[in-house]
Amino acid sequence: MAKKLQIRDLTLRDGQQSMFATRMTQQQIDRVLPLFREAGFYAMEVWGGAVPDSVMRYLNENPWHRLEKIKEGVGDASKLTALSRGRNLFGYNPYPDDVIDGFNRNAIKSGVSIMRIFDALNDTNNIGSTIKSVKENGGIADCAICYTVDPYFSTMKKLKAILQAKPLQTHIFTDQYYLSLALELQEMGADMISIKDMAGLIPPLRAGRLVRLFKKNLSIPVDFHTHCTPGYGLASILMAIVNGADIVDTNIMSFSGGTAGASFEIIQLFCDRMNIDTGVNLEAVVKIDAVLREIRHELAEFDQYKEFPKEFNILTDKLPKDIDEMFELAIAFAKADKEEDLLTTCARIESYFNFPEPDEKVKEAEVPGGMYSNMLAQLKQLKLEKLLPRTLELIPSVRMDAGCPPLVTPTSQIVGVQAVNCAIDELKGQPVYTTKSIQFVNLVKGIYGKTPLPVDPEFRYKIAGVKEETPYDPRFYKRQENTVFHEYGGVKLAENEKEELLLELFPAVAGDYLKRRVEQNYLDEIHRIEDEKRAIFEAEKQAYEQLSPEEKEKRLIEGLYHYDWTTEDGDTLGHS
């Protein structure tokens with residue numbers, strides 16, 4: 001009897017976000033929904049992350065409509081998944097429980113079955129309210145643990161710290177650290193646990209070891225999520241499968257590789273050789289990939305790679321003998337825990353399928369690709385690209401000073417921006433931390449929650465003006481104003497709870513989007529009234545033309561017509 005492995009498809013959320021800046025329109029998504037319904041993936045991640053912001057900001061679309069249309073298209077064939085940053089929901093600001101509950105209630109009502117919940121600090125206090133809300137509203141709580149690595153310090157830096165009697169703390173993010181989090185989240189009510197490696201930094205051996213550890217100690221399913229940016233992704237997913245993962249996250253081939261996750265088709269080829277049943281309809285997958293190729297051409301301006309993966313029909317195409325052997329070798333190396341051989345073999349497979357080369361800069365820097373590119377963009381804007389090497393050197397110190405937060409949105413961006421600020425301070429001959437972002441101040445202050453390591457009270461005082469940790473206090477939360485537009489007939493900016501939530505979560509972006517909608521609705525109503533008048537006008541004109549000359553004169557004298565028109569003789573007739 002074949003072993004079962006469930007697949008969570010990320011194509012319509014993480015895939016297009018990682019590859020094409022979340023620019024898929026609703027029309028493009030609609031083209032693949034009937035095919036996804038046929039495919040029957042266990043789950044499909046379709047919402048959350050950057051989707052709600054991007055569809056309003058760039059596409060002028062309603063995020064709730066997107067979710068509802070996907071649910072309508074897919075039905076119950078797959079469980080729809082959304083991403084939530086716990087108390088922060090989508091961005092940099094913590095929210096009170098009533099906003100969190102409103103978001104979860106409406107998301108589940110609109111079609112979400114599984115809410116993947118994570119916190120950028122791995123602070124379980126920031127996840128509890130969302131677990132409770134999701135489960136009370138009938139959803140599945142998928143609690144994700146953010147994978148990260150210890151800050152890297154050079155030998156010289158470590159020696160200097162020892163000489164100053166301030167040895168650097170190491171072995172922070174140990175296997176036990178992750179297991180303790182998983183056990184705590186299970187106790188809090190998690191229905192499943194995900195190992196979430198957004199940066200793609202988890203090497204195969206570590207992936208296999210953590211999955212084994214979780215499967216041995218947890219009683220709930222384990223999902224494995226990673227990306228391909230530094231070149232570990234495919235090998236690490238294979239190791240997760242070999243070591244008993246219940247679910248793995250993949251993308252359809254044309255939306256996979258590079259900064260995205262691994263290809264479903266490649267994982268399916270591995271599963272075929274290991275007698276593992278994914279339950280996915282491969283005929284539908286072939287059709288989906290064909291449509292996605294067309295859509296990828298349409299998204300060319302946002303495509304950072306340009307080169308497509310090799311066209312491959314998993315049902316009919318045969319692999320060359322040497323590549324076919326690579327699959328068998330990779331499985332053997334994974335089962336034998338031979339990491340280097342496994343990585344080399346998987347690299348050969350990915351090269352055959354024309355996936356992007358690993359990003360060595362991201363691999364060496366041990367930071368997420370998005371964090372790296374954002375720092376570079378910030379420096380380029382200031383014409384200070386030469387500071388990038390120094391910025392990368394400063395990241396470990398900035399992380400340690402701030403309590404060693406994991407590098408995942410939003411903390412990756414907060415740490416990255418602050419490292420750039422410190423590099424610029426040095427260039428100006430000023431002490432580091434002369435320039436501070438408000439987000440970094442809030443991170444050190446404790447607004448975002450508890451960091452993995454406690455922040456030095458003296459450093460907190462230097463940065464935030466307080467020595468004691470100051471957690472988020474929902475009493476000070478101020479709701480966004482729901483503007484009334486009297487000039488448009490007294491309509492409100494947000495018409496219902498879902499729109500009010502958009503306004504709370506994305507004040508500027510949703511405010512602009514909703515205002516455009518109010519203005520468009522007003523124009524549409526004016527056009528509707530004009531069209532209605534024009535229709536009446538045309539009907540009366542036609543009726544008039546059918547009358548005899550005597551009847552026309554009689555009706556005009558009696559004032560029975562109230563619209564102007566021109567007769568066949570060119571005379572303008574009408575009454576007010």
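Note: hydrogens, waters and symmetry copies are ignored here, and every other heavy atom, side chains too, is used.
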Legend entry - Backbone of Met253 reached by a side-chain donor or acceptor of Ser256 within 3.5 Å: yes
Inset, instruction - Kindly assign one of parallel, tilted or perpendicular to the pair Phe103 and Trp47, based on the angle between their ring planes and the thresholds 30° and 60°. - result: parallel
Inset, instruction - Output all residues satisfying side chain to side chain donor-acceptor pair (under 3.5 Å) with Asn251, sequence neighbours left out; order by chain, then residue number. - result: none
Inset, instruction - Establish, from distance only, whether the side-chain atoms of Gln176 and Thr174 form a donor-acceptor pair under 3.5 Å. - result: no
Inset, instruction - Taking atom CD of Glu360 as the centre, report whether more than 12 heavy atoms of other residues, nucleotides or ligands fall under 6.0 Å from it. - result: yes
Inset, instruction - Verify whether the ring centers belonging to Phe327 and Phe270 lie closer than 6.0 Å. - result: yes
Inset, instruction - Taking only Lys NZ, Arg NE, NH1 and NH2, and the carboxylate oxygens of Asp or Glu, determine whether Lys215 and Asp246 approach each other closer than 4.0 Å. - result: yes
Inset, instruction - Establish, from distance only, whether the side-chain atoms of Asn137 and Arg105 form a donor-acceptor pair under 3.5 Å. - result: no
Inset, instruction - Please answer whether the main-chain N or O of Gly49 pairs with a side-chain N or O of Gln17 as donor and acceptor at a distance below 3.5 Å. - result: no
Legend entry - Salt bridge Asp97-Arg87, side-chain N to carboxylate O under 4.0 Å: yes
Legend entry - Asp197/Tyr232 under side-chain hydrogen bond (donor to acceptor under 3.5 Å, both in side chains): CA gap, chis, key distance, verdict: CA-CA 11 Å; Asp197 176 30; Tyr232 295 138; over 6 Å; no
Inset, instruction - Tell me, yes or no, whether the heavy-atom count around Arg293 atom CZ, taken from other residues, nucleotides or ligands under 6.0 Å, exceeds 12. - result: yes
Inset, instruction - Could you check whether the rings of Tyr177 and Phe173 sit parallel, tilted or perpendicular, using 30° and 60° as the cut-offs? - result: perpendicular
Inset, instruction - Might you confirm whether atom CD of Glu311 has over 12 heavy atoms from other residues, nucleotides or ligands at distances under 6.0 Å? - result: no
Inset, instruction - Would you mind checking if Lys321 and Glu325 are paired as a salt bridge, meaning a charged N to carboxylate O distance below 4.0 Å? - result: yes
Legend entry - Ser254 and Asp289: CA distance, side-chain angles, deciding distance, side-chain hydrogen bond (donor to acceptor under 3.5 Å, both in side chains) verdict: CA-CA 6 Å; Ser254 290; Asp289 191 58; 2.8 Å; yes
Legend entry - Arg296 NZ/CZ over Phe308 ring centroid, <6.0 Å and within 45° of normal: yes
Legend entry - Those residues that, when tested against Lys335, pass salt bridge (Lys or Arg N to Asp or Glu O under 4.0 Å) (two or more places apart): none
Legend entry - Any Glu184 side-chain heavy atom under 4.5 Å of Asn122 side chain: no
Legend entry - Heavy-atom check, side chain of Asp14 versus side chain of His227, under 4.5 Å: yes
Legend entry - Close side-chain approach of Ile202 and Leu210, heavy atoms under 4.5 Å: yes
Legend entry - Main-chain N/O of Ala182 paired to Gln186 side chain as donor or acceptor, under 3.5 Å: no
Legend entry - Greater than 12 external heavy atoms within 6.0 Å of Lys361's NZ: no
Inset, instruction - State whether Asp123 and Lys450 are salt-bridged, where the test is any N-O pair (Lys NZ or Arg NE/NH1/NH2 against Asp/Glu carboxylate O) under 4.0 Å. - result: no
Legend entry - Phe36: which of Ile252, Val46, Ile29 passes side-chain contact (heavy atoms from CB on, under 4.5 Å): Ile252
Inset, instruction - Keeping the roles fixed (side chain from Ser351, backbone from Ala347), state whether a donor-acceptor pair exists under 3.5 Å. - result: no
Legend entry - Non-hydrogen side-chain atoms of Leu392 and Tyr372 separated by less than 4.5 Å: yes
Legend entry - Lys/Arg-Asp/Glu bridge criterion (N-O < 4.0 Å) met for Lys71, Asp76: yes
Inset, instruction - Count the heavy atoms belonging to other residues, nucleotides or ligands that lie under 6.0 Å from NZ of Lys498, then report whether that count exceeds 12. - result: yes
Legend entry - Near-ring test Tyr178/Phe214, centroid separation under 6.0 angstrom: no
Inset, instruction - Answer yes or no: is there an ion pair linking Arg66 with Glu61, defined by an N-O contact shorter than 4.0 Å? - result: yes
Inset, instruction - Look at Lys132 together with Asp101 and state whether they make a salt bridge at an N to O cut-off of under 4.0 Å. - result: no
Inset, instruction - Indicate yes or no: does Asp249 engage Arg116 in a salt bridge with an N to O separation below 4.0 Å. - result: yes
Inset, instruction - Could you please spell out the steps behind the side chain to side chain contact (heavy atoms under 4.5 Å, CB included) verdict for Ile140 and Lys79? - result: CA-CA 10 Å; Ile140 297 169; Lys79 298 181 188 300; 4.1 Å; yes
Inset, instruction - Could you tell me whether Asp337 and Arg209 have a side-chain N and a carboxylate O separated by less than 4.0 Å? - result: no
Legend entry - Heavy-atom check, side chain of Ile195 versus side chain of Ile145, under 4.5 Å: no
Legend entry - Salt-bridge present (Lys196, Asp142; N to O < 4.0 Å): no
Inset, instruction - Starting from the C-alpha separation in whole Å, work towards a yes-or-no answer on side chain to side chain contact (heavy atoms under 4.5 Å, CB included) for Ser113 and Thr81. - result: CA-CA 6 Å; Ser113 294; Thr81 300; over 6 Å; no
